[in-house]
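Presented below is the structure to which this report refers.
Letters A, B, ... are given to chains in the order of the sequence lines, protein chains preceding strands, and every chain is numbered from 1.
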Amino acid sequence: MTDWAAIKADFPVLKQTANGAPLVYLDSGNTSQKPQRVIDAMSNYYETINANVHRGSYDIAVKATDAIEGARQKVAAFINAPSSIEVVFTKNATEALNLVARSWGGANLGEGDAVVISEMEHHANIVPWHMLASEKGFELRWISVKDDGHLDLSNLDELLDGAKLLSITAMSNVLGTLNPIHRLAEAAHAHGALIAVDGSQYVPHLATDVQAMGADFLIFTGHKMLGPMGIGVLWAREEILEAMPPFLGGGEMILNVTKEGFTTNEVPWKFEAGTPMVAEAVGLAAAIDYLNEIGMDEVRKHEVELTAYALRTLKERHGDKITIHGPSEPAERGGVLSFVYDQVHPHDVAQVLDQKGICVRAGHHCAKPLLRTLGVPATSRVSLYIYNDESDIDLLAETLTEASDIFSF
Amino acid sequence: MTDWAAIKADFPVLKQTANGAPLVYLDSGNTSQKPQRVIDAMSNYYETINANVHRGSYDIAVKATDAIEGARQKVAAFINAPSSIEVVFTKNATEALNLVARSWGGANLGEGDAVVISEMEHHANIVPWHMLASEKGFELRWISVKDDGHLDLSNLDELLDGAKLLSITAMSNVLGTLNPIHRLAEAAHAHGALIAVDGSQYVPHLATDVQAMGADFLIFTGHKMLGPMGIGVLWAREEILEAMPPFLGGGEMILNVTKEGFTTNEVPWKFEAGTPMVAEAVGLAAAIDYLNEIGMDEVRKHEVELTAYALRTLKERHGDKITIHGPSEPAERGGVLSFVYDQVHPHDVAQVLDQKGICVRAGHHCAKPLLRTLGVPATSRVSLYIYNDESDIDLLAETLTEASDIFSF
Amino acid sequence: MPGLEDLYREIILDHYRSPRNRGELESPPAVKTEGFNPLCGDEIIVYIDVDDDGLITDIAIGGQGCSISQSSASMMSAAVKGQTVPYARRLIGAFKGLMSIHEGEIGGDGSEADMGIELSIDSGDTKLGDLEALKGVVKFPVRIKCATLGWNTLAQALDEASPIT
Amino acid sequence: MPGLEDLYREIILDHYRSPRNRGELESPPAVKTEGFNPLCGDEIIVYIDVDDDGLITDIAIGGQGCSISQSSASMMSAAVKGQTVPYARRLIGAFKGLMSIHEGEIGGDGSEADMGIELSIDSGDTKLGDLEALKGVVKFPVRIKCATLGWNTLAQALDEASPIT
Ligand SMILES: Cc1ncc(COP(=O)(O)O)c(C=O)c1O
Ligand SMILES: Cc1ncc(COP(=O)(O)O)c(C=O)c1O
């Protein structure tokens, strides 16, 4: 049995107060908090072995190189990648998605081609395709989202017909919806398309196995999984990476440079131009260790229970005053709850909650096309992680009534 | 008078031993070490106000936003930029140079155009131009490097004729040469070209004033200036940034996204797609504070003195056995000394030095075209910073003789 | 520590609940401009009719957003309706000045704001007084962009309707 | 803590000072391949002549680099000259096996190395014994790439001269 109270105590931010009240952090879908151990791992790196990697032959340079390559192996194991050379470090998920679009897409997409995405994508999985499409002239097709928060897959074959890539989130950052990636991968492959999976919301919360998923690309971001900001991950099958042209040019990614041209380094370094974020890789590795010690199945179980509790509590307490978007079954969703409360604008909801130290996000959550489909300009969003517990939900439910009091018409 | 011993004591790595010997770090041109205060600033950020920025209205989100925007202002002031909105955070200098190439270059360069760079550029200021040139068909022209380590500017007007951009390093990472940026900027502007200055080696060591330089773009990187890895800076004049198309697509950089397209956010956020590296910005701001407290003029004075000492000591001790590349006048150069020692291969030199805890870099220093011009396949490189002193140079000079002993023919 | 009562003054809630000049104008002839707050998704649409004498003869406000953005736009509409374009421009400057104190601190550009102009510029219209109620917003820095959204959108509309020559 | 004497064995320094088979072969008919170590700039050029029976009748080594890369290539050239292509391939596998212990640990791919083959494969050529001297390199992980550079280049040359069918 996991001692969730002990886990909560590992997170120094949660010992802070905000506006005089103890901090209740319900915005992990935005960025997660970091256990002391992750913070210390990075400090320790800078205090003991900081050096540039892959370039120096001296002692700390070797140790720093081992640190980043060790982190790469840890990441690979965490998602069950066949080889660590399939793991590319980027600065965040957004850069990783741009890398896929510009490098793979730039080489493979042209007029007459199509890329399929869904209405529930984060802007990071929309804008790179818009940018590339306006340059290359391919078609961007959209899988619709149904009222129940699930993808409308009724016309999937039609959408995939002639498509070269399906790029889709494994879990919605607004609705919490878990998408049937394995089924989508099979459908994409049946149509000769590849599948890129945006795991930014999934990898931090559920055990991930790229091979079982049938994914060709997986994208995620360190800061949402207890790791630091400034590091993201692109995983792709080796043969795909091998065939892709480079993305950014500079040191590390070359084998040779002359005045006339250059040759590229091996994967994954081919895609890692310039000095990499070694401390952040060390922090991400420490975060993975931390999650592995709890066990991703325990993490998931905790979140399903807490999500169920939240859905139940908010409904019991606020009834028709609250509209919670997304699947109603906790097992079909992650711990992300978007809601609209009693005609109070989400920004005002967040403001009222903030006065009690409760951190929730209000807005479009970088998913404007989805909000347009939902027919709401903005929502309030609660997103849970391992350091949350029922008392956080209770305080949330309690404080919402204050918003009602101020804004009742 | 600066107390340099006290400064050295601020750097925890320098209290480590390597191979049983106290660490002597002479590779700051590769990456610098971090004072405890910078390390602590980042830990403190994660322990107290970590949140995603520009998105949340709650207390710690506001503080985190203030932290990154405050860092932006600090960076702007450090280089005397007219406005902080001209400062774009990237993951490193390499990304910043790619941003200039892809965004500005992509929009402005085509067949018949030319970009001028120099033979002493780092690969980060070469490969992005090779990549873009092969796509857009413009010409890449090279300013030669003379035997004395200075640029050959005799044919500058010819090279700039019809050029749209001069992209050049302010200080060579191999030779230490300080280039006449102001004069180059005037020449570029006289020909209707813009000038991009790679300040990666310059900004950490000399007081920088983009307005006095006459620069249009300035690029530098946090980890070489006592700051963390994972953050770089692109500065450009506001009107130039305004006119540039976006670089990476995703969250933060948009104003609106629909299924049909998107509109971009204001500068600088237009160029900062995805969750930014807030902790790293906080660390960079702390590094700038630290440098400002010493004073950049003091930093420069220390390094000129130490460079003079190193040039003198190595020559006195090793005479013709050692060839030191680059300008012979300490005032014309930074504290970067590339040398070839007694036919011992630089990699072997570094290995021997490592046994005494001395960290130097051996190789091509990501400047292969320059090494080809110098006619050497590799050099050993010593690069100095504020925590180095004469005893470091003495130990270096002493230990080099051991390499001689092993490899004497 | 600022409390919610600093932000949600009664007069603000009143404008939020009963927005003035809510609606659309036919465009053309009206000038229509849209403003977005990319952070929270708030949206203000400003329609103005400006006659040949440079008088803002009519104004209407569309869009959606939080209590602050909506009430600020509502107050703004009441304050500039029937006024001249130069007056409206000065008022925008004055209002942004009021809001710029913190924005300047966190990196926004407050320099353009005309801090010299008092909100109580000569006008019999008591609606100006209402604007003072928005002062509390300055204590909640993220909400400043909500409060100024309508004003920036109006500024754009004015530039279109009556370009500065 | 490994000392320099583990790395710079006398036999290694001997090959470094007096490299065997240094030079060029006319190409064609010789196969010429180049290998780079992007980290340090070392460069090895391997020329081989392979006859119709699959015998490596001649080999020459060009390029430049550190004592480890040069001596390793020199020893390699001595070890495979006059031998068959399959023998050379097995030797490459064995050598990479010797070097892979740490490479595997830090993320390199050691799996392809044929660990089963002893370096002392049946051959009267005493040069094989010399190769054992490179074992010390494993204690200096960054130098492993120096030691294997020539061998990887030879592997490429063999693939070109005598493609695996
Ligand atoms: C002159 C110069 N430019 C660019 C770079 C690239 O910096 P980074 O690796 O941080 O992108 C470096 C350092 O590696 C450099 O010395
Ligand atoms: C589903 C999804 N994809 C991509 C991203 C982008 O991640 P980052 O901002 O770290 O690049 C996010 C989070 O913001 C997300 O929720």
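Top candidate by heavy-atom pairs under 4.5 Å with chain A, chosen from K224(B), Q351(B), H122(B), E95(B), is E95(B). Chosen from G357(A), S32(A), C359(A), the residue pairing most often with chain B at heavy-atom distances under 4.5 Å is C359(A). The greatest number of non-hydrogen atom pairs below 4.5 Å with chain A, out of E260(B), K91(B), Q36(B), M42(B), is found for K91(B). When each of A124(B), S43(B), G261(B) is checked for heavy-atom pairs under 4.5 Å with chain A, G261(B) comes out on top. In terms of non-hydrogen atom pairs under 4.5 Å with chain A, the most contact-rich of P128(B), G230(B), C366(B) is P128(B). Contact count versus chain A (heavy atoms, under 4.5 Å) is highest, among R372(B), M277(B), H365(B), M229(B), for M229(B). When each of K63(B), M253(B), R102(B), K15(B) is checked for heavy-atom pairs under 4.5 Å with chain A, R102(B) comes out on top.
Within the 4.5 angstrom heavy-atom criterion, only side-chain atoms of N92(A), from C-beta onward, approach chain B. In this structure, chain B has heavy atoms under 4.5 Å from both the backbone and the side chain of E47(A). Only the side chain of N98(A) has a heavy atom closer than 4.5 Å to any heavy atom of chain B. Only the side chain of L23(A) comes within contact range of chain B, judged by heavy atoms closer than 4.5 Å. Only the backbone of V360(A) comes within contact range of chain B, with at least one heavy atom under 4.5 Å from a heavy atom of that chain. Of the two parts of Q33(A), the backbone and the side chain both hold a non-hydrogen atom closer than 4.5 Å to a non-hydrogen atom of chain B. For A273(A), the parts lying near chain B are the backbone and the side chain together; criterion is any non-hydrogen pair under 4.5 Å. For a residue to count as touching a neighbouring chain, one of its non-hydrogen atoms must lie under 4.5 Å from one of that chain's; by this rule T221(B) does not touch chain A. Residue contact with chain B, scored on non-hydrogen atoms closer than 4.5 Å, involves the backbone and the side chain of L248(A) alike.
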Pair D27(B)-Y58(A), side chain to side chain donor-acceptor pair (under 3.5 Å): steps then yes or no: CA-CA 10 Å; D27(B) 196 21; Y58(A) 50 83; 2.5 Å; yes
K259(A) vs E121(B), test: salt bridge (charged side-chain N to carboxylate O under 4.0 Å, His left out). Steps then yes/no. CA-CA 11 Å; K259(A) 284 188 178 179; E121(B) 299 312 309; over 6 Å; no
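There is a side-chain donor-acceptor pair under 3.5 Å between K368(B) and N256(A). Residues N52(A) and T275(A) bring a donor and an acceptor atom of their side chains to less than 3.5 Å of each other.
In this structure the side chain of P12(A) reaches within 4.5 angstrom of the side chain of I39(A), judged on heavy atoms. In this structure the side chain of R381(B) reaches within 4.5 angstrom of the side chain of N30(B), judged on heavy atoms. The closest side-chain heavy-atom distance from V282(A) to Y46(A) is not below 4.5 Å. At a threshold of 4.5 Å between non-hydrogen side-chain atoms, the residues I60(B) and N50(B) do not count as touching. In this structure, the side chains of P276(B) and V53(B) come closer than 4.5 Å at one or more pairs of heavy atoms.
Remark: aromatic rings of Y387(B) and F11(B) are close, center separation under 6.0 Å.
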